[in-house]
Amino acid sequence: MSYTEGMLKEGALKGKTIVVTGGGTGLGKSMGLYFLKLGANLVITSRKLDVLQETAKEMERETGGKVLAVACDVRDIEQVETMFDEADALFGKVDGVLNNAAGNFISPTERLSTNAFNTVIDIVLKGTANVTMVAGKRWIAAKQPGTFLNIVTTYAWTGSGYVVPSAAAKAGVLAMTRSLAVEWAKYKIRSNAIAPGPFPTEGAWSRLLPGDLVKKFDPAKKVPVGRVGEHQELANLAAYLMSDYSAYVNGEVVTIDGGEWLQGAGEFNNLEAIPQEMWDMLEASREKKQ
Ligand code: COA
């Protein structure tokens, strides 16, 4: 048994159709692939149709499952409606939505243009709202249950310098997750979130830590368990929260970061830097006094 292995029973998502925004690459692709392996039909969306089609073919070859690739900029409500129309037309209905599409870049906040700030808010907060509203209204009208799973981040509650539009937007997504968990529970719609710590991906890592920054600020060094995350670990959690096994989990945000955000929060955590010999000396002087 290892954390790099799939965790759920075969067929755990059989009969479900799941939309994954930002599903063509990175973590969205890894989570989508696992949903597919567990028997789900998959709809993957992003702005890049060629990337999506390539991913869809690769996923279908690997699993024998069915994947619909639809170009959809989550900022454009008409594209979101059309994406759900296409999903309904092919699969009959959608059962789950993984709001994973995001946009982010590092910058001192005073250097950001208004358009830069707005762009991240438009993708992360308003884009997630667009997809959520379209799916939610359809589920409510059809009296059909549904599951939302939103990818946030640990700085959604702490905030973080240098990614301020993303922090503000993700905090909004977290508030929306918890609000709708209560308001839409009566329609059998659940809403949960995952806050991942560092999980290496080609796209986000090179964008957020360009060039030598990734060596200088090696994210693994900030993680108490001493390593970064494996995609399968995140996929296991996402599949559980998307499946009916988590039917009683609603309004939760699950952190999966090896303890990273708490490492920065605990007042005395930096005592990690004290060598064993110094602890030995402190202990010895304490014993002498007694
Ligand atoms: N630093 C500061 N400002 C930046 C920037 C950066 N690294 N990258 C883009 N911007 C600014 C642009 O200059 C522009 O503002 P301006 O019109 O005042 O010059 C604004 O942001 C919009 O940029 P644009 O490239 O037109 O937006 P887009 O919609 O094509 O792209 C982004 C969206 C900016 C988020 C782009 O980085 C992207 O598509 N990323 C892919 C998804 C992603 O980031 N995922 C992250 C996962 S953590």
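Counting starts at 1 for both ligands and their atoms, in listed order.
Among protein heavy atoms, atom 17 (O) of ligand 1 sits closest to Asn115 ND2, 2.8 Å. Among all non-hydrogen protein atoms, the one lying nearest atom 28 (P) of ligand 1 is Arg47 NH1, 3.8 Å. In this structure, the protein non-hydrogen atom closest to atom 46 (C) of ligand 1 is Arg207 NH1, 3.5 Å. For atom 47 (C) of ligand 1, the nearest protein heavy atom (residue, atom name, distance) is Ala204 CB, 4.0 Å. The protein heavy atom nearest to atom 7 (N) of ligand 1 is Phe105 CB, 3.4 Å.
Distance remark: protein heavy atom not present below 4.0 angstrom from atom 36 (C) of ligand 1. There is no protein heavy atom closer than 4.0 angstrom to atom 24 (P) of ligand 1. The presence of a protein heavy atom under 4.0 Å from atom 1 (N) of ligand 1 is confirmed. Distance check for atom 12 (C) of ligand 1: every protein heavy atom is found at 4.0 Å or beyond.
The contact set between ligand 1 and Ser113, taken as ligand atoms under 4.0 Å from a residue heavy atom, comprises 15 (O), 16 (P), 18 (O). Ligand 1 places these atoms under 4.0 Å from at least one heavy atom of Arg75: 29 (O).
Below 30°, between 30° and 60°, or above 60°: for Trp261 and Trp157 the angle between ring planes is above 60°, a perpendicular geometry.
In this structure the side chain of Leu42 never reaches within 4.5 angstrom of the side chain of Lys66, judged on heavy atoms. When side chains are defined from C-beta on, Val97 does not count as touching Ile18, because their heavy atoms never get closer than 4.5 Å. Within the 4.5 Å cutoff, the side chain of Ile189 has no heavy atoms near those of the Leu180 side chain.
An N or O contact shorter than 3.5 Å is missing between Thr119 and ligand 1 by distance. Residue contacts with ligand 1: Ala102 is placed with a nitrogen or oxygen under 3.5 Å of a nitrogen or oxygen of the ligand (distance criterion only). For a threshold of 3.5 Å applied to N or O pairs, the pair formed by Ser107 and ligand 1 contains no separation below that value.
No part of Lys170 comes within 4.0 Å of ligand 1, judged by heavy-atom distances. When heavy-atom distances to ligand 1 are checked against a 4.0 Å cut-off, Arg111 has no atom that comes that close, whether in backbone or side chain.
The NZ atom of Lys48 sits 14.0 Å away from the CD atom of Glu54 when rounded to the nearest 0.5 Å.
Under a 4.0 Å N-O distance rule, the pair Glu62/Lys37 qualifies as a salt bridge. Between Arg138 and Glu81 there is a salt bridge, since at least one side-chain N of the basic residue sits less than 4.0 Å from a carboxylate O of the acidic one.
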query: Going through the checks in order, is the side-chain hydrogen bond (donor to acceptor under 3.5 Å, both in side chains) test met by Tyr162 and Thr109?
result: CA-CA 6 Å; Tyr162 303 95; Thr109 309; over 6 Å; no
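For the salt bridge (Lys or Arg N to Asp or Glu O under 4.0 Å) test with Asp244, the passing option among Lys9, Lys188, Lys16, Arg190 is Lys16; the others fail.
The six-membered or imidazole ring of Trp139 lies near that of Phe148, with a centre-to-centre distance under 6.0 Å.
For Lys222, the NZ atom sits in a loose shell: 12 or fewer heavy atoms of surrounding residues, nucleotides or ligands are nearer than 6.0 Å.
For atom 20 (C) of ligand 1, the choice among Pro165, Gly103, Ala116 with the nearest heavy atom turns out to be Ala116.
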